[in-house]
Amino acid sequence: MAYTPEISQYQSAALRRIAWALDIPMTKAMNSIIQYITDIIDHERICKACRDKSQCVLCVFNQKNHKKEHSNEKQRE
């Protein structure tokens with residue numbers, strides 16, 4: 001099971017409003033936000049700061065994996 005961090009009331013309220021605007025559940029809104037961030041953030045910076053190099057083959061920030069996953073998502077749409 002994935003680690004589930006608690007979020008503040010402020011963050012929860014923001015997420016709820018984003019979900020309403022997208023007309024999707026909060027869990028899907030959070031997933032969409034994370035996917036968006038992985039698209040725009042500097043992957044090289046993430047990789048340099050990473051403390052778990054054992055997962056590079058599966059990591060979303062690995063450029064090869066990111067491009068492959070992104071093309072798979074477009075095919076599903």
Side-chain angles (χ1 to χ4, degrees):
M1 182 161 118
Y3 167 70
T4 308
E6 296 213 16
I7 61 175
S8 70
Q9 285 294 111
Y10 176 84
Q11 294 162 333
S12 179
L15 179 60
R16 184 176 307 112
R17 283 154 180 80
I18 292 167
W20 288 338
L22 297 174
D23 196 28
I24 58 177
M26 286 175 64
T27 52
K28 288 188 178 185
M30 187 177 298
N31 289 343
S32 295
I33 292 165
I34 292 170
Q35 182 60 53
Y36 176 73
I37 295 297
T38 64
D39 288 344
I40 65 169
I41 200 164
D42 180 358
H43 291 211
E44 188 175 325
R45 183 175 180 185
I46 296 294
C47 291
K48 283 181 182 177
C50 182
R51 297 179 187 174
D52 183 6
K53 304 293 184 188
S54 70
Q55 299 299 310
C56 294
V57 173
L58 303 172
C59 182
V60 67
F61 295 106
N62 180 322
Q63 290 295 330
K64 290 180 280 184
N65 292 339
H66 184 72
K67 288 176 186 172
K68 181 180 174 186
E69 180 61 30
H70 210 65
S71 68
N72 287 342
E73 282 182 15
K74 287 184 181 185
Q75 289 175 358
R76 283 183 238 148
E77 292 177 352

I'd like a table of donor-acceptor pairs (distance under 3.5 Å, sequence neighbours excluded) in which one partner is a side-chain atom from residues 11-30, with atom names and distances.
from  : atom 1 : to    : atom 2 : distance (Å)
Gln11 : OE1    : Ser8  : N      : 2.8
Gln11 : OE1    : Ser8  : OG     : 3.3
Ser12 : OG     : Arg16 : NH2    : 3.3
Arg17 : NH1    : Ala13 : O      : 3.1

note = Rounding to 0.5 Å, atoms CZ (Phe61) and SG (Cys50) come to a distance of 9.5 Å

task = Using only heavy-atom distances, determine whether the side chains of Asn31 and Gln35 contain a donor-acceptor pair under 3.5 Å.
result = no

ask   = Between the side chain of Asn62 and the main-chain N/O of Val57, is any donor-acceptor distance below 3.5 Å?
value = no

message = Under the salt bridge (Lys or Arg N to Asp or Glu O under 4.0 Å) definition, can you give me all pairs with a residue in residues 46-60, not counting sequence neighbours?
response = Glu44-Lys48

